[in-house]
Q: 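The structure's right below; bear with me while I get my questions together.
Computed from a prediction, not measured in an experiment: that's the story for all the values here.
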Amino acid sequence: MSDLFEDEPGDNTPEFSVSEISGAVKKAIEGGFSHVRVRGEVGRVSRPRSGHIYMDLKDDRSVLAGVIWKGRAVGLAHQPEEGMEVIATGKLTTFPGQSKYQMVIEDIAPAGAGALMAMLEKRKAALAAEGLFAPERKKDLPYLPEIIGVVTSPSGAVIRDILHRLRDRFPRKVLVWPVAVQGAKCAPEVAAAIDGFNRLTPGGALPRPDLLIVARGGGSLEDLWGFNEEIVARAAAASDIPLISAVGHETDTTLIDFVSDRRAPTPTAAAELAVPVRMELLAWVDQQSARLSRALSTGVQQRQQRVRDLGRALPQVETLVEGPRQRLDYLGERLPAALRGAAAKKRLQMTETALRPGILTRRLAEDRRRLDGLADRLVPALKRRTRDGSVALERAGRGLRREVLQDRIARQRERLDGVLRRLSDRASRQQAERQARLEALDRLRETLGYVETLKRGYAVVRGDGNVVTGKAAAEQAHELEIEFADGRVTVSGDPQGRLL
């Protein structure tokens, strides 16, 4: 290689083409730096439509151009972002088209946990600025979901813990979407699982879940990094199904925890958040049923007592109608005299009006004209009336035959017998109703009387003819008479007035 650049005196120095020089430099660089690890800060990052990634690695003094070919870029565990401190592994080469050298990067990783945390904080701030962490975006969890979708590894202990806890608390149908929970495939598979559950049709052959649980056991920051990827956070935020994140232990925090509708410290706790305890729910239902029965019974009893109290306070029907009936009788007695007085007053007014000379003259003239007209019509009318009367008399004569009269008498007698039977039946019913009412009133009288009270063991004490209600009155009486249900007993006093 040294011979290539050796200066030879004279005009015998060999001539090289630009391509030959570029190829020689390329071989020299690739031969000396075929495998290198470079630590630096990611500068400019470009992602053209070809799928390759062009980027710069820099420190405080120099800049190294780098390229990640499409085949390698797809499988990277950590995508490069501007400002990240990374360790890039690859080889150096040249780009003859621009006469510069660059690094072909085969793998790239953050330079320690500090770099990961810095990248996480930057990503978290960007998502928070978009409002993906806002409390008003979070959906309420269903109280008792019919179907629960679980996004986790099917071979780990997490799914067994969740199923065991659901079986203990309230068994539900569970759909498991198997995914990788760490590594390069974790983020795209988890995001695809969340989106796939949301695309299911409610009530279809594979029904859509009412609740999602994204779960994974504990691990290091690198193990949990798939749940810090932006694609997972955005898929969780876009989910129409309420989502519980249960990634890692209680002290582990990932981006999906901030965008999910509820965070659980452990997968077991996620199952507890998903469903209530069936036995507690049954006990609560029994308690509420008992309270409802007691409330209904108490309410009915109170209303019954209220009706009885109101019934005792209401007056008797006879009492309500006695006053109006008496007023009706009084007004009925005054009505004939009032009508006669009003008629007389009206006639007097009409008479006074009609006795005026002008009115009398007009009425006399009108009556005279009317009488003249009637006189002219009287003779024909009498003739027609005589003729009509003769026809009616003949017709009536035909109706007065003996058999016709007997038939009419028989029909009238049947009608009279029917009326008499109805009157007799009505009188019997009224008599029975009055008898039943009288008996009921007599029973009420006996019930309300003090004689019935005596039959229950009470007694009436009378002293000197008056009812005694106290000890002092009994001591002053010369003679006491005690009435029981079956008779009376007299108690007399001694000469000093004391009762024996």
Q: Could you tell me whether the side chain of Gln79 reaches within less than 4.5 Å of the side chain of Val45, counting heavy atoms only?
A: no
Q: So, taking the atom named CZ in Phe197 and the one named CG in Asp240, what distance separates them when rounded to the nearest 0.5 Å?
A: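 Output value for this atom pair is 14.5 Å.
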Q: Grab the two heavy atoms, one from Pro188 and one from Ile231, that are nearest each other, plus how far apart they are.
A: CA-CD1, 4.5 Å
Q: Do Ile256 and Val214 come close enough that some side-chain heavy atom pair is under 4.5 Å?
A: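 Side chain of Ile256 against side chain of Val214, heavy atoms only: contact under 4.5 Å found.
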Q: Which heavy atom in Ala270 sits nearest to a heavy atom in Ile213, and how many Å separate them?
A: CB-CG2, 3.9 Å
Q: Taking all non-hydrogen atoms of both residues into account, name the closest pair between Pro242 and Pro142 and its distance.
A: CG-CD, 4.0 Å
Q: Sub-3.5 Å donor-acceptor pair from the side chain of Arg216 to the main-chain atoms of Gly218, do we have one?
A: yes
Q: Return yes if some donor-acceptor pair links the side-chain N/O of Ser17 with the main-chain N/O of Glu20 below 3.5 Å, else return no.
A: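 Pair found, side chain donor or acceptor close to backbone of Glu20.
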Q: Working to the nearest 0.5 angstrom, can you tell me the gap between Arg262 CZ and Leu211 CG?
A: 10.0 Å
Q: Is a side-chain N or O of Arg263 found less than 3.5 angstrom from the main chain of Phe258, in a donor-acceptor match?
A: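 It does not hold such a pair.
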Q: Hey, does Phe95 have a side-chain heavy atom less than 4.5 Å from the side chain of Tyr101?
A: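 They are not in contact (no side-chain heavy atoms under 4.5 Å apart), so the answer is no.
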Q: Take atom CG in Asp140; do more than 12 heavy atoms of anything else shown fall under 6.0 Å from it?
A: no
Q: Check the pair Glu483 / Arg462 against side-chain contact (heavy atoms from CB on, under 4.5 Å), numbers first and verdict last.
A: CA-CA 8 Å; Glu483 182 180 358; Arg462 295 182 179 86; 2.7 Å; yes
Q: Could you please spell out the steps behind the side-chain contact (heavy atoms from CB on, under 4.5 Å) verdict for Asp210 and Ile148?
A: CA-CA 6 Å; Asp210 304 311; Ile148 300 175; over 6 Å; no
Q: Begin with the C-alpha distance, continue with both residues' side-chain angles, and end with the deciding distance and a verdict on side-chain contact (heavy atoms from CB on, under 4.5 Å) for Asp56 and Val42.
A: CA-CA 6 Å; Asp56 291 337; Val42 178; over 6 Å; no
Q: For Arg165, is there an ion pair with Glu272 - N to carboxylate O distance below 4.0 angstrom?
A: yes
Q: When rounded to the nearest 0.5 angstrom, what distance separates CD1 in Ile29 from CE in Met103?
A: 13.5 Å
Q: When you look at CZ of Arg278, are more than 12 heavy atoms from neighbouring residues, nucleotides or ligands closer to it than 6.0 Å?
A: no
Q: Can you see which heavy atom on Leu127 is nearest to which on Ala233, and at what distance?
A: CD1-CB, 3.7 Å
Q: Testing the basics here: between Pro276 and Phe170, what is the closest heavy-atom pair and its distance to 0.1 Å?
A: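 Result for this residue pair: O-CB, 3.3 Å.
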Q: Is a salt bridge present between Asp329 and Arg325, judged by a nitrogen-to-oxygen distance below 4.0 Å?
A: no
Q: Between Ser22 and Val18 (side chain of the first, backbone of the second, donor and acceptor by atom type, cut-off under 3.5 Å), is there such a pair?
A: yes
Q: How close do Ala271 and Leu166 get, heavy atom to heavy atom, and via which atoms?
A: O-CD2, 3.9 Å
Q: Does any part of the side chain of Arg327, heavy atoms only, come nearer than 4.5 Å to the side chain of Pro324, both counted from C-beta?
A: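 Side chain of Pro324 against side chain of Arg327, heavy atoms only: contact under 4.5 Å found.
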Q: Any salt bridge linking Asp261 with Lys138? Criterion: basic side-chain nitrogen under 4.0 Å from a carboxylate oxygen.
A: no
Q: As an exercise, state the distance from CE of Met55 to CG of Leu64, rounded to the nearest 0.5 Å.
A: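 It is 9.0 Å, given to the nearest 0.5 Å.
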Q: Would Glu130 and Arg234 satisfy salt bridge (Lys or Arg N to Asp or Glu O under 4.0 Å), going step by step from the backbone distance to the final call?
A: CA-CA 11 Å; Glu130 294 183 24; Arg234 292 191 180 279; 2.6 Å; yes
Q: For the residue pair Ser155 and Ser153, confirm or rule out a side-chain donor-acceptor distance under 3.5 Å.
A: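 Short answer, yes.
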Q: Measure from the side-chain N and O atoms of Asn198 to the backbone N and O of Ile241, and report whether any donor-acceptor pair falls under 3.5 Å.
A: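 Looks like yes, one N/O pair under 3.5 Å.
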Q: How long is the straight-line distance from CZ of Arg37 back to CD1 of Ile105, given to the nearest 0.5 Å?
A: 13.0 Å
Q: Can you tell me if Lys122 has over 12 outside heavy atoms packed within less than 6.0 Å of its NZ?
A: yes
Q: Can a donor-acceptor pair be found, under 3.5 Å and without considering hydrogens, that links the side chain of Lys139 to the backbone of Ser239?
A: yes
Q: Using a 4.5 Å cut-off on heavy atoms from C-beta on, say whether the side chain of Val63 contacts that of Leu57.
A: no
Q: Give a yes or no on whether the backbone of Ala237 and the side-chain of Arg137 come within a donor-acceptor separation of less than 3.5 Å.
A: yes
Q: Is it the case that the side chain of Glu106 and the backbone of Gly90 share a donor-acceptor pair, with hydrogens and angles ignored and the cut-off at 3.5 Å?
A: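 Not confirmed, Glu106 side chain does not pair with Gly90 backbone.
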Q: Is a side-chain N or O of Asp107 found less than 3.5 angstrom from the main chain of Thr89, in a donor-acceptor match?
A: no
Q: Does some side-chain heavy atom of Ile159 sit less than 4.5 Å from a side-chain heavy atom of Val176?
A: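 Val176 reaches Ile159 side chain to side chain.
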Q: Run the salt-bridge test on Arg123 and Glu81 with the 4.0 Å N-O cut-off and return the result as yes or no.
A: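 Glu81 and Arg123: salt-bridged.
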Q: Dump the intermediate steps for side-chain contact (heavy atoms from CB on, under 4.5 Å) on Arg172 and Glu146, then the final yes or no.
A: CA-CA 6 Å; Arg172 298 281 87 186; Glu146 288 292 332; 3.5 Å; yes
Q: For Phe133, does the CZ atom sit with more than 12 other heavy atoms under 6.0 Å from it, leaving out its own atoms?
A: yes
Q: Please indicate whether Arg308 has more than 12 foreign heavy atoms, meaning atoms of other residues, nucleotides or ligands, lying under 6.0 Å from its CZ.
A: yes
Q: Got Gln302 and Arg306 here, is their nearest side-chain heavy-atom distance under 4.5 Å?
A: no
Q: Could you tell me whether Glu433 and Arg437 have a side-chain N and a carboxylate O separated by less than 4.0 Å?
A: no
Q: State whether the number of non-hydrogen atoms from other residues, nucleotides or ligands found under 6.0 Å of Arg169 atom CZ is greater than 12.
A: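 Atom CZ in Arg169 is packed in, count exceeds 12.
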Q: Just wondering, more than 12 heavy atoms not from Gln288 lying within 6.0 Å of its CD?
A: yes
Q: Can Asp195 and Arg199 be said to form a salt bridge (Lys or Arg N to Asp or Glu O under 4.0 Å), step by step?
A: CA-CA 6 Å; Asp195 182 64; Arg199 289 177 181 273; 2.6 Å; yes
Q: Do Thr254 and Asp257 come close enough that some side-chain heavy atom pair is under 4.5 Å?
A: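 With C-beta onward as the side chain, the pair touches.
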Q: Please answer whether the main-chain N or O of Thr268 pairs with a side-chain N or O of Asp161 as donor and acceptor at a distance below 3.5 Å.
A: no
Q: Regarding Thr94 and Lys100, do their side chains bring together a donor and an acceptor under 3.5 Å, going by distance alone?
A: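 There is no such pair (donor and acceptor under 3.5 Å, judged by atom type) between the side chains of Thr94 and Lys100.
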Q: How many angstroms lie between atom OG1 of Thr201 and atom CG of Leu206, to the nearest 0.5 angstrom?
A: 9.5 Å
Q: Regarding Glu280 and Trp284, do their side chains bring together a donor and an acceptor under 3.5 Å, going by distance alone?
A: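 Checked: Glu280/Trp284 side chains show no N/O donor-acceptor pair below 3.5 Å.
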